[in-house]
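So that the names make sense, note that chain A is the first sequence line, chain B the second, and so on, each numbered from 1.
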Protein chains: 2
Amino acid sequence: MVALVDTGLLGDAPALPERVELQLRERILAGDLRPGTFLRPDRLAVELGVSPTPVREALQALRADDMVRALPRRGFVVAPLDRADVVDLFDVQARITGELAARAAGALDAEGLAGLRARAAEVDALIEAGEPGDLAQAERRFHAALNRASGARKLAWLVGRAAHYLPPRFYTDRRAWRTATVAAHRTLLDALAAGDPDTARAAMEGHVLDGRDLLVAHLEAVGFWDET
Amino acid sequence: MVALVDTGLLGDAPALPERVELQLRERILAGDLRPGTFLRPDRLAVELGVSPTPVREALQALRADDMVRALPRRGFVVAPLDRADVVDLFDVQARITGELAARAAGALDAEGLAGLRARAAEVDALIEAGEPGDLAQAERRFHAALNRASGARKLAWLVGRAAHYLPPRFYTDRRAWRTATVAAHRTLLDALAAGDPDTARAAMEGHVLDGRDLLVAHLEAVGFWDET
DNA sequence: CCGCGACAAATCCCATAGGATATGGTCGCC
DNA sequence: GGCGACCATATCCTATGGGATTTGTCGCGG
């Protein structure tokens with residue numbers, strides 16, 4: 001337990017179930033726990049060094065996300081997920097995220113735009129410097145701020161779920177993604193400043209679909225959908 | 001505990017956390033627990049007659065759905081949800097469900113079409129007879145079968161989430177919904193039989209948006225978004 | 001009168017133990 | 001070899017307890 005607790009920053013650190021949930025997501029997306037794998041709560045508790053209670057809570061959260069499925073009295077299984085599923089999901093994500101960008105283009109005031117520029121600048125700076133951990137976080141904050149600026153609270157949450165399928169730091173290492181991201185952000189910000197919803201939408205959709213392609217390649221590489 | 005356990009059919013009955021989750025969803029959508037309401041796990045456990053453990057697991061599942069939000073060390077709150085949120089969510093639902101119908105139009109074989117017709121006939125029969133409980137279940141099965149027929153597993157799950165926002169039996173009582181549903185299903189089945197994706201998509205989108213309007217009216221009626 | 005700090009009570013969060021129940025495997029039997 | 005009954009194992013839930021943190025109250029000083 002010490003290992004897990006110590007990694008979490010204090011303050012308003014998420015509780016244990018949420019951290020266990022994150023750990024399990026990472027292990028699934030890393031190809032460590034592939035679809036069809038049986039998950040035994042007690043076993044996982046021992047592996048993670050916590051009691052069964054928070055593990056079961058985390059598994060319930062993952063079940064609500066259809067990341068795992070519950071087999072009453074038999075445990076849990078990692079939910080099936082193939083290439084077509086990922087493509088479908090990210091098509092939806094791209095559409096919604098584009099819609100949010102378009103709305104933001106019409107709703108942003110000067111202050112909000114300045115905030116977005118600042119966050120984008122942080123991303124650019126980290127790309128220049130090469131700090132992978134903070135870069136993912138900065139990119140996340142940029143998108144979160146943009147989605148929030150759209151004013152569509154629930155849709156913003158919905159697209160935030162896409163992050164559940166993004167293994168940590170897997171795209172920040174790709175040179176292609178870095179250069180594409182800088183360009184996409186600039187196009188996006190220009191469109192937002194100009195109040196041009198269509199361009200903002202198109203730029204954002206392209207940005208998300210780039211991420212999708214990278215994710216598919218990653219899952220391919222770790223043998224995610226090799227038959228069990 | 002007896003009350004909850006006895007209501008569940010044996011066999012592959014969902015486990016207790018899932019049933020508690022359902023109960024909480026119903027109470028939220030009934031306007032009993034409005035957005036902003038604090039939820040105390042221990043209190044809920046006493047109210048529902050179960051121990052705190054499955055209640056906490058249910059709350060974690062609801063958190064993953066953004067139905068409630070966790071305040072570390074302080075409990076949980078019912079997540080904010082206003083009219084615009086519901087409209088946005090169901091716009092997305094309508095789009096995706098329409099897409100699934102369009103795909104099904106191209107993928108259905110004779111056997112699958114016959115199965116869908118059978119399920120639609122069940123719905124029609126129950127509408128004639130007037131069995132509200134079974135009707136909701138039959139309607140659910142019809143849509144589930146159609147979504148499954150599209151072949152898009154993950155999108156089918158995603159739209160299945162819309163049911164989380166549908167209070168049980170709230171639309172089966174509406175005469176307007178019944179007549180509209182019979183017509184919508186027929187149009188849908190004809191389009192599927194003819195292999196006409198565009199008509200299928202349009203019919204399905206309209207069907208979902210009808211449900212959305214009913215839901216908004218329901219939430220209105222129970223004072224869901226009256227300020228706290 | 002109002003803000004503010006300390007103490008007390010309540011509550012959450014997690015661990016642990018234990019019992020009821022269902023599953024899967026194994027052995028004996030036909 | 002196929003089939004049905006026992007048995008070990010694991011899940012699921014209950015109950016309990018303790019550590020940690022938040023909230024509410026009280027008293028004090030400004």
Side-chain angles (χ1 to χ4, degrees), chain A residues 1-25 33 36-64 67-79 228, chain B residues 1-25 27-28 33 36-64 67-79 228:
Chain A
M1 181 197 78
V2 176
L4 265 176
V5 168
D6 285 352
T7 57
L9 283 311
L10 260 55
D12 59 344
L16 240 182
E18 207 161 337
R19 276 177 289 158
V20 171
E21 181 189 340
L22 255 292
Q23 290 248 340
L24 291 177
R25 278 191 205 284
L33 302 171
T37 306
F38 273 80
L39 302 178
R40 261 83 59 96
D42 293 11
R43 188 92 58 190
L44 286 174
V46 174
E47 286 182 32
L48 297 174
V50 299
S51 85
T53 307
V55 172
R56 297 193 60 77
E57 294 180 14
L59 286 170
Q60 291 292 334
L62 291 173
R63 175 184 61 78
M67 205 77 164
V68 308
R69 297 196 172 156
L71 306 181
R73 286 288 171 191
R74 301 212 306 133
F76 295 80
V77 204
V78 179
T228 56
Chain B
M1 181 200 77
V2 176
L4 263 176
V5 169
D6 285 352
T7 58
L9 284 310
L10 260 54
D12 58 345
L16 201 59
E18 206 162 336
R19 276 177 288 158
V20 171
E21 181 190 341
L22 256 292
Q23 290 248 340
L24 291 176
R25 279 189 204 283
R27 289 183 61 176
I28 291 172
L33 303 171
T37 306
F38 273 80
L39 301 179
R40 260 82 61 99
D42 294 12
R43 189 91 61 190
L44 286 175
V46 175
E47 285 183 33
L48 297 174
V50 299
S51 84
T53 305
V55 172
R56 296 193 60 77
E57 294 180 15
L59 287 170
Q60 291 292 335
L62 290 172
R63 175 184 61 77
M67 205 77 164
V68 308
R69 298 199 171 153
L71 306 181
R73 287 288 171 189
R74 301 211 307 133
F76 295 80
V77 206
V78 178
T228 56

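Smallest separation of non-hydrogen atoms from B:A58 and B:E21: CB-N, 3.6 Å.
Considering only the side chain of B:P41, C:dC12 comes nearest among D:dT14, D:dA10, C:dC12. Each of C:dC12, D:dC13, C:dC14 was ranked by its minimum atom distance to the side chain of B:R40; first place goes to C:dC12. Distance from the side chain of A:R56 is smallest to D:dC13 among D:dC13, C:dT11, C:dG24. When each of D:dT14, D:dC13, C:dC12 is scored by its nearest atom to the side-chain atoms of B:A15, the top-ranked nucleotide is D:dC13.
Both A:D42 and B:R74 lie close to DNA chain D; mapped to their nearest nucleotides by heavy-atom distance, the more 5′-ward contact belongs to A:D42. For the pair A:T53 and A:F76, nearest-nucleotide mapping onto DNA chain D gives the more 5' position to A:F76.
Each of A:V20, A:V68, A:V78 was evaluated against A:L62; a single residue qualifies, A:V68, per the side chain to side chain contact (heavy atoms under 4.5 Å, CB included) test.
Atom-to-atom, CD of B:Q60 to C1' of C:dC14 comes out at 12 Å; the value is rounded to the nearest Å. Atom CD of B:E57 and atom P of D:dT11 are 13 Å apart (whole Å). Rounded to a whole Å, the CG atom of A:L16 is 17 Å from the P atom of C:dC12. Taking atom CG on A:L39 and atom P on D:dA10, their separation rounds to 15 Å, with Å as the unit. What separates CZ of B:R43 from P of C:dC12 is a distance of 8 Å, to the nearest Å. For B:L44 and C:dC13, the CG to P distance is 12 Å, given to the nearest whole Å. Nucleotide C:dC12 holds its P atom 17 Å from the CD atom of A:E18, rounded to whole Å.
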Show which side-chain atoms of residues 39-55 of chain B pair as donor or acceptor with protein atoms under 3.5 Å away, not counting sequence neighbours.
from: B:E47; atom 1: OE1; to: B:R27; atom 2: NH1; distance (Å): 3.2
from: B:E47; atom 1: OE1; to: B:R27; atom 2: NH2; distance (Å): 3.3
from: B:S51; atom 1: OG; to: B:T53; atom 2: N; distance (Å): 3.4

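Comparing the local axis fitted to the first five base pairs of the helix from C:dC1-D:dG30 to C:dC30-D:dG1 with the one fitted to its last five gives a bend of 20°, rounded to 10°.
No engagement by B:P52 is indicated, since no non-hydrogen atom pair under 4.0 Å with the nucleic acid exists.
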Practice prompt. Go through the steps to decide whether B:F76 and B:Q60 satisfy the test side-chain contact (heavy atoms from CB on, under 4.5 Å), and finish with yes or no.
Written response: CA-CA 9 Å; B:F76 295 80; B:Q60 291 292 335; 3.9 Å; yes

Output a table of nitrogen or oxygen pairs between the protein and nucleotides 17-20 of chain D separated by less than 3.5 Å.
from: D:dG19; atom 1: N2; to: B:R73; atom 2: NH1; distance (Å): 3.1

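A:L59 contributes atom CG, which lies 7.5 Å from atom CZ of A:R56 (distance to the nearest 0.5 angstrom).
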